[in-house]
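Chain naming here is simple, since letters A, B, ... match the order of the sequence lines and numbering starts at 1 in each. Only heavy atoms go into these numbers, but all of them, side chains included; no hydrogens, no water, no symmetry mates.
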Amino acid sequence: MGFSYDWDREIATCRPEYYKWEQWLFLKMLENGMAYRRESFVNWCEKCQTVLANEQVEQDKCWRCSQPVRQKKLWQWFFRITDFAEDLLVHCDKLPGWPEKVTVMQKNWIGKSVGSELRFRVAGMDEEIEVFTTRPDTVFGATFMCLAPEHPLVETLCRGTDQEQAVAAFVEKVAAQERSLEGLEKYEKEGVFTGRYCINPATGEEIPIYTANFVLMGYGTGAIMSVPCGDQRDFDFARKYHLEIRVVVQPEGETLDPDIMETAYTGPGIMVNSGRFNGMDNDTAMEAITDWLAEQGRGKKAVSFRLRDWGISRQRYWGTPIPVIHCPDCGVVPVPEQDLPIVLPEDVNLMEKGGSPLPFLEDFKQTTCPACGREDARRDTDTMDTFVESSWYYLRYCSPRYEQGMFDPDAVQYWAPVDQYIGGVEHAVLHLLYSRYFMRVLHHFGMIDFKEPFTRLLTQGMVCKETMTCPEHGYLFPEQAKKTKEDAYVCTRCGKDVEVGRVIKMSKSKKNVVDPNELMETYGADVTRLFCLFAAPPERDLEWSEDGVEGSNRFVNRVWRLALACMDTIDTRQVTRYTGPAGDLKNPDAKALYIKTHQTIHKVTADIDESFHFNTAIAAVMELVNALYTIDLDTADVETKAVVLAAMDSMVLLLSPIIPHFCEEVFEKMGGQGSVLEQPWPKQRNDSLETDEALVVVQVNGKLRSRFSVAADTDESVIKEMALADEKIVRHIQDQPVKKIILINKKQILVNIVV
RNA sequence: GCCGAAGUGGUGGAAUUGGUAGACACGCUAGACUUAGGAUCUAGUCCCGCAAGGGGUGGAGGUUCAAGUCCUCUCUUCGGUACCA
């Protein structure tokens, strides 16, 4: 296809030369508390003895063996991305080169909310429950408390009460449910009383403590104060379990009755049932109540983020081994730097069920503790999330063979950050956020002097195609399905009817992929490039179809014939290309073509430079070519020929990034010196962009009724008079009085006559 | 569910800040040239209508002299949703 990659800089992130430095950074992060280990939950299939991705869990069952999946606690490594939550959020607004939709998604993902942290004492125990709430104004309406089933206090609270068994059963049941924000909505909201009460710090009253499946341990503090009058989930829960609903915020001019309310009221209002805060508007009360509770040591202002720390442990084989050693005496011990890289062993039997073979490889696992020398220490057998690799590979390109560190600081200083990054919009949050985080880590260590990895970002759309399924052979490649006369498809191997599925993004596993090599063989690289670029703007999803590729081929041939015609009819010893202002041209056809040429240069430059909209850039050049075709070179005068040469020159340069091989040849044929790729980009003459005539379109009551041309410098009042005198307009106005005439003079002149 | 997009002729797609909807192509129709055409050229092609005119950017409302574009509601499709990467 004629891409200009510098293969000397090729890297592969699965090679030890690369991931050695990832392990090195991990150790540095570990040393600085930026990487840490804690227990967390994974989807676990007992039968397959493996961890499942969320997408591998189908209706709470393993996709492979259909056994129920349960939540299992494992020790896992995390990166403290939340330390940078605020910084990552703030800089979302300082990325002018990024599409706004991406920064919006990132902001929502980080999910900052401002509120208060409140502490509730457990009645009769020396324990406290901390909650985060965005609505401290409603604390007087908190009539119960809900803890996540995984909350460490749940077990302590119910122990010894008659609820102990019920709670244990509930926790077990929830362990079989998917515990994510997404999963929350799938299950009916339910909970169980823990047998204990806590004290509402505002009212001093005892309120029951529940554990409920809609509270997540990973979000906030894993506990919520439930205010049924002001939160729909709490409201539903209170109705279900017959808990008190107490109104504390009343919309102005209304009286809410808790017995007949059907939904929670979340809007603004006046405080009621809230002691000394009654009568205050709830907005003021937020601050006032927080301050009041703070004085008593029962709360403070706080912010909470939806963003969670980045779990990087994978119980998988493919990935960078995590460079730590577990010693019975010393605990977790980092691998000494001189022992890096810890190489992923390659002589392994891959597991049928998807689990990692590493925990079974004694040679790999068994090692000596670097701290105390014990010989029964064992290596960590987890590998890192592959997002870790993709978070810094672009810096490695700056010095791909560098052996003294992740990258050569001078090279990174010179090249980075990346000027223009291109990737699918499916990476809008994870990959792009992790990369931004990694640059902050490196910046924190003083290794780089910038924080943002990608100055400009283009999120390209996906190429999509329908899937084909044969009842016998499963997914088929497009060439394995043959079209029948009835516009249906049959399998080329078994002849059975093929089912045509939905249009989805191309993927190897679904086989709905096309090979550009076939187009390349038929039409060549340039026509293939032209066709792809002309099909749609890059940020848009594209349903692949080869209809229209003939048109691209036709266009290239049209240009070629134009070049041949020029060489046949224009003697370049006598005619040189015109470069002056349009105003000096006498022949109106020559002048029009010259103006068109400069308009085209202007448009193509802007389309490519600002937005990579090659499709409209190509369309503009096509218009120029169409204009060139209207000129009869056999009868043209010298002035016109000089303008044609100028137009041809510009056209070849404008097309050169799109169809480079072809343009190289035309450039040479037309007498160009050197390579077309070394020529400066054409520049439009700003004095040659506008024609002498302007089109006036005339509307009556907003409907187009007539149009005519005037000299570009015609006075506006004259144009209005001409519009009113226009035959078609007169007919439409008839004898109705003219109320108003609006004249807009932007890209064209528009007159709207209101009657 | 939540977050983010997209929806315009038979098709891919155009349309600075609201200002001629359908640029540029594909396809189709007719014609010219040609021994021939899957080459090339010319003309036509949003829909209804002989025309004058009317309708039209997923749907329903609204703001405006003027709405594909702004606002409200809604439908459909796609991407992401933290272990697909």
Please check if the side chain of Tyr629(A) supplies one atom and the backbone of Arg558(A) the other of a donor-acceptor pair under 3.5 Å.
yes
Which of rC24(B), rC26(B), rG4(B) is nearest the side chain of Val104(A)? It is rG4(B)
Give a yes/no answer on whether the side chain of Arg558(A) brings an N or O atom under 4.0 Å of OP1 or OP2 in rC24(B).
no
With the side chain defined as heavy atoms from C-beta on, Arg731(A) is closest, among rA82(B), rA14(B), rA52(B), to rA52(B)
Output the single nucleotide from rC83(B), rA14(B), rG19(B) whose closest atom is nearest the side chain of Val42(A).
rC83(B)
Using the purine O4'-C1'-N9-C4 or pyrimidine O4'-C1'-N1-C2 torsion, is rG9(B) syn (within 90° of 0) or anti?
syn
With a 3.5 angstrom cut-off on both distances, give the Watson-Crick or G-U wobble partner of rA66(B), or none if there isn't one.
none
Once you round it to whole Å, what is the distance between P of rG13(B) and CZ of Phe614(A)?
17 Å
Phe531(A)/Tyr523(A) under ring-ring contact (aromatic ring centres under 6.0 Å, His included): CA gap, chis, key distance, verdict
CA-CA 10 Å; Phe531(A) 171 63; Tyr523(A) 298 100; 8.4 Å; no
Think Asn626(A) has a side-chain N or O under 4.0 angstrom from the OP1 or OP2 of rA25(B)?
yes
Please state whether the base of rC3(B) and the side chain of Gln106(A) form at least one donor-acceptor pair under 3.5 Å?
no
In whole angstrom, what separates Tyr629(A)'s OH from rC24(B)'s C1'?
16 Å
Checking all strands, does Lys703(A) fall into the base, sugar-phosphate, or nothing category for heavy-atom contacts under 4.0 angstrom?
sugar-phosphate
Of Leu695(A) and Arg316(A), the one whose closest nucleotide on RNA chain B sits nearer the 5' end is Leu695(A)
Which class fits the ring pair Tyr421(A) and Phe454(A): parallel under 30°, tilted 30 to 60°, perpendicular over 60°?
parallel
Please give the nucleotide sitting opposite rC78(B) as a Watson-Crick or G-U wobble pair, both distances under 3.5 Å, or none.
rG4(B)
Identified pairing partner of rU29(B), criterion: Watson-Crick or G-U wobble below 3.5 Å:
rA43(B)
Arg440(A) and Asp83(A) ion-paired at < 4.0 Å:
no
Considering only heavy side-chain atoms of Arg705(A), the closest of rG27(B), rG53(B), rC83(B) is rG53(B)
Measure the distance from CZ on Arg306(A) to C1' on rG1(B) and round it to the nearest whole Å.
12 Å
Both distances under 3.5 Å, Watson-Crick or G-U wobble: report the partner of rU72(B), or none.
rA60(B)
Of rG19(B), rC83(B), rU20(B), the nucleotide closest to the side chain of Gln315(A) is rC83(B)
Would one find a side-chain N or O of His613(A) under 4.0 angstrom from OP1 or OP2 of rG13(B)?
no
Could you label the plane-to-plane angle of the Phe26(A) and Trp77(A) rings as parallel, tilted or perpendicular, counting under 30° as parallel and over 60° as perpendicular?
perpendicular
Give a yes/no on whether any side-chain N or O of Arg314(A) is located under 4.0 angstrom from OP1 or OP2 of rC83(B).
yes
Given atom CD of Gln76(A) and atom P of rC83(B), what is their separation to the nearest angstrom?
9 Å
When you measure from the side chain of Arg529(A) to the backbone of Ile658(A), do you find a donor-acceptor pair of N or O atoms at a distance under 3.5 Å?
yes
Let me spell it out: for each of Gly702(A) and Glu623(A), pick the nucleotide of RNA chain B with the closest heavy atom. Which residue's pick is nearer the 5' end?
Glu623(A)
Please tabulate, one pair per line, each protein N/O and nucleotide N/O from nucleotides 6-12 of chain B that are separated by under 3.5 Å, including the distance.
from: rG12(B); atom 1: O2'; to: Ala535(A); atom 2: O; distance (Å): 2.8

Quick note, Arg561(A) side chain, CB onward, closest among rC41(B), rG80(B), rU20(B) is rC41(B)
Side-chain N or O of Asn615(A) less than 4.0 angstrom from OP1 or OP2 on rA14(B)?
yes
How is Gly111(A) classified with respect to the nucleic acid when contacts are heavy atoms under 4.0 Å: base, sugar-phosphate, or nothing?
nothing
Minimum heavy-atom distance Asp309(A)-Phe78(A), with the two atoms named:
O-CD2, 3.9 Å
Is any NZ, NE, NH1 or NH2 atom of the basic residue among Glu623(A) and Lys596(A) found under 4.0 Å from an Asp or Glu carboxylate oxygen of the other?
yes
Given rA25(B), rA5(B), rA23(B), the nucleotide with the shortest approach to the side chain of Ala619(A)
rA23(B)
